[in-house]
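Residue indices begin at 1 and follow the sequence shown. Because the structure is predicted, anything quoted here is derived from the model rather than measured. Each ligand, and each atom within it, is numbered from 1 in the order the structure gives.
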Amino acid sequence: MGIVHTNKLQPGMVLADEVRDVNGRLLLAKGKSIQPPHIRIFKIWGITEVNIFGDIGHKDPGETLVNPDLIEKTREEIKLIFSHNDLDHPAIKEIFRLSVEYRSRNSIELKNNEIGVKRQVSGIRNVNGDLLTRLKKKKISLPEIPSIVAELNEVIANPLSLAEDIANVVNKSPSLTATLLKIVNSGLYGCPSRIDKVSQAVTLIGTKEIYGLALGISVVSIFKLIPKEIINMYDFLRHSIGCGIIARILAAHKNLPQTEQLFVSGLLHDLGRVLLYIYFPEDSLNIFDNCRKSNRLLYQEEKEYLGCDHTHIVKHLMQHWKLPMILESNVFCHHDPSQAQHPVPATIVHLADIMVNGLGMGTSGEMFVPPLDCHAWEDLNLSINCFEIAVKQAVHQFYSLDAIMQD
Ligand SMILES: [Fe+2]
Ligand SMILES: [Fe+2]
């Protein structure tokens, strides 16, 4: 059994996993023999790789043998970062196994010491929960939503809008257009031929997908304002992209219709931390210090220190920006999805965040893998058997998107 790139599929190969498009529609069932029309359909729907039964005759370039001593060392090291989780829980056990494998293969080390260390401790100050009040009273001005997103919101809200109208708004920003076209031509969509125009992308990929991408790309531009003394903004970006990609893939495995919402939710899930790092750098450094001393989770320490955590801050920002309610719910509840108005997508973002922290794809400042909401997991009713393929798909897409977003 193994992953085979769509370009290398041969008629007669047998599927070891069902294949679904980005919207979760079944393209071909597990156990079916692949025929030339299927390969054409996979390419049209942007399927870049599928899981095949039997000896596939080649190994993925990433599938090199890893020294068993390194695997054992990694396993021992990352037990610490999983210390807020029950390693006997089946979902966590599988994520832990995949994290050990991915980290050993990619020589990913713990980043704890690279996250904002205070040069001189000026005494730990507790702002006694006045942060959200200060934000709400607008004594601190929130970053304005990129004007292009506001325009897109209007176009999307109008039922008479055409694909051309979305393209016209996106085309006003050359940098947004360039990034968007690079993404739709990347491994994330695996389109069979090159897309050169936004209008073409809207027709092929869909209005909501393009809106979601444009929203994500525009908001992520704010990440560049993160002070480098706090955290490397590329690490933060990688954490966000990784979470977005994994959430989108899990959504497809769960057969959810709107995978683009999950991508954007993952991309923006820790946006509240961006605001903390930009507007309250001293407090953020104090919070990191406190976490190191107490071994507490970052969001717990935020709550203790600020009276609210990054999810409350981002909720406030998303309301200010008038973003869709579903995005707000997914992002606000990503640490507590049982409480979400829409628990299924919120649980998927929650799970993707756990996976991306375990795998060590970037960091948002958190030293630990956030604890699994076991009730939400039960209710999600997703098989852990899809985790391995989801991680493989995500890694493939992650590297192509990471390079584009860093341009
Ligand atoms: Fe978070
Ligand atoms: Fe996160």
Please confirm if an N, O or S atom belonging to [X], backbone or side chain, lies less than 2.8 Å from the Fe ion (ligand 2).
X      : value
Cys243 : no
His334 : no
Asp353 : yes

Examine all N, O or S atoms of His310, backbone included, and report whether one is under 2.8 Å from the Fe ion (ligand 1).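 Checking the Fe ion (ligand 1) against His310, an N, O or S atom does fall under 2.8 Å.
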Less than 4.0 Å between a side-chain N and a carboxylate O, is that true for Glu302 and Arg273?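 Salt bridge between Arg273 and Glu302, a charged N being under 4.0 Å from a carboxylate O: yes.
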Do [X] and [Y] touch side chain to side chain, with heavy atoms closer than 4.5 Å?
X      : Y      : value
Ile148 : Val169 : yes
Leu298 : Phe368 : no
Leu152 : Val170 : yes

Report the atom name of the nearest N/O/S atom of Asp270 relative to the Fe ion (ligand 1). OD1
Going by atom types only, do Tyr305 and Asn286 share a side-chain donor-acceptor pair under 3.5 Å?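 Per modelled atom types, Tyr305 and Asn286 side chains form a pair under 3.5 Å.
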